[in-house]
Amino acid sequence: MRLTLLLRLLREVGWLRLALLAPVLLAAVGRGLVLAGTHPAGQWAVPFLTFLLLASAHRQRADLRFLDTSAPRFRRWLAVEYLLVALPVAVALASFHDWGAALLTLALPGLAAWLPARRESQRVRHRARSLFRSEAFEWVSGLRAGGLWVWPVLLAGAVWQYPSPLGPGVALVVWLFILLACYGTPEPVTMLVLAARTPKQFLRRRLGLGVGYAALSAAPFFWLLAAGPAGRGGAVVVAAFWLALVALLILTKYAFYPNAVHIRTTQALVVGVALTLMAHPVYPVLLLVAVGGLIWQSQRRLRAVLGEGNRELKVES
């Protein structure tokens with residue numbers, strides 16, 4: 001069943017996106033593993049980053065309740081599945097003789113299978129509503145999914161490793177992945193129609209809220225970078241680049257709205273290209289082309305969606 005679902009998902013993504021996405025993601029992940037595996041402290045961030053990504057994906061699964069009723073022992077199989085996903089990462093760490101980090105990478109993923117689904121966490125949901133405006137619903141749902149407890153953990157790790165740029169840098173990458181999950185789910189069309197006047201006004205509002213909250217939440221990490229060897233100049237460059245990536249994630253969401261699969265795959269492609277900018281001179285050119293294309297496509301897509309949504313509301317009224 002899992003293989004059938006995977007094949008169906010791959011067909012929905014399409015061969016063109018797969019041909020672009022797979023090499024870029026492999027290059028980005030490989031480059032990150034090389035940098036972390038050769039760093040004495042960075043190697044220990046890999047097991048926890050792998051666990052956080054698997055735990056976030058697990059809690060957002062829509063089939064957990066179905067599996068709970070149809071296969072009572074399904075969590076054991078999920079643990080094996082997550083272990084297989086983490087196995088290549090552990091092998092890469094072992095190739096650098098980071099044996100402890102490799103074993104921890106294999107030990108943690110199985111724990112994600114026993115985490116509850118996101119919708120079962122009622123207390124976190126209640127607290128999240130009081131921290132951000134309801135209009136910034138991506139941030140509310142992001143905290144509900146786990147961002148509320150991930151952020152202080154990242155901050156503690158960044159403070160612990162602040163003498164090295166790797167500590168705040170890894171924290172920013174992980175926080176970017178959290179936001180990637182937040183902006184990967186499209187809202188209902190009715191919410192979009194009621195909140196929008198014109199595509200440009202809607203995008204400006206979404207970008208203002210998203211980038212503004214991103215800047216506030218990442219400000220401690222930028223400050224730690226400035227206080228460390230990177231200095232103020234390096235921190236300003238990293239902050240501008242990181243916030244530009246957040247803006248691209250928001251534009252990508254509405255460029256492919258409301259297809260969640262296309263949104264997530266293209267967002268992964270954008271992040272992968274951004275994280276491999278220094279690997280090849282062609283990647284900065286690709287990212288610049290993507291910026292212009294996403295701005296045009298997001299406005300074009302919103303114009304079509306808003307037109308259809310307004311017509312449906314008039315018919316219902």
Examine distances only and state if a side-chain atom of [X] and a backbone atom of [Y] form a donor-acceptor pair shorter than 3.5 Å.
X	Y	answer
H58	A112	yes
R75	A113	yes
Q267	L249	yes
Q43	P40	yes
E138	Y183	no
Y257	V189	yes
T266	I263	no

Least distance between heavy atoms, [X] atom then [Y] atom:
X	Y	value
L52	W149	CD2-CH2, 3.7 Å
L179	A214	CD1-CB, 4.1 Å
A107	L111	O-CG, 4.2 Å
A86	P109	CB-CG, 3.5 Å
A247	L207	O-CD2, 3.7 Å
P47	L108	O-CD1, 3.9 Å

Report the distance from atom [atom1] of [X] to atom [atom2] of [Y], rounding to the nearest 0.5 Å.
X	Y	atom1	atom2	result
L224	L155	CG	CG	6.5 Å
R204	L209	CZ	CG	13.0 Å
W44	T105	CH2	OG1	8.5 Å
E135	M191	CD	CE	9.5 Å
L84	L106	CG	CG	10.0 Å
T198	Q299	OG1	CD	8.5 Å

Do W242 and W175 pass the side chain to side chain contact (heavy atoms under 4.5 Å, CB included) test, and can you show the C-alpha distance, the side-chain angles, and the key distance before you say yes or no? CA-CA 10 Å; W242 191 86; W175 192 239; 3.6 Å; yes

Within 6.0 angstrom of W160 CH2, more than 12 heavy atoms from elsewhere: no

Between [X] and [Y], is there a shared hydrophobic cluster once you connect ILVMFWY residues whose side-chain heavy atoms come closer than 4.5 Å?
X	Y	value
L49	L245	yes
L83	F74	no
L251	F241	yes
F51	L87	no
W77	Y82	no

Consider only side-chain N and O atoms of T185 and R264, and report whether a donor and an acceptor are under 3.5 Å apart. yes

Will you find, in the side chains of W151 and S217, an N or O donor that is under 3.5 Å from an N or O acceptor? no

Working for side chain to side chain contact (heavy atoms under 4.5 Å, CB included), residues R205 and Q201: CA-CA 6 Å; R205 186 60 179 168; Q201 291 175 342; over 6 Å; no

Could you please spell out the steps behind the side chain to side chain contact (heavy atoms under 4.5 Å, CB included) verdict for V271 and F177? CA-CA 9 Å; V271 173; F177 285 148; 4.0 Å; yes

Do [X] and [Y] come within less than 4.5 Å of each other through their side chains, counting heavy atoms only?
X	Y	value
K200	S298	no
Y254	F202	yes
L172	F222	yes
L294	F256	yes

May I ask you to decide if the ring planes of Y213 and W139 are parallel, tilted or perpendicular, using 30° and 60° as cut-offs? tilted

Qualifying residue, where the test is side chain to side chain contact (heavy atoms under 4.5 Å, CB included) with V46 and the options are V170, L93, L104, D98: L93

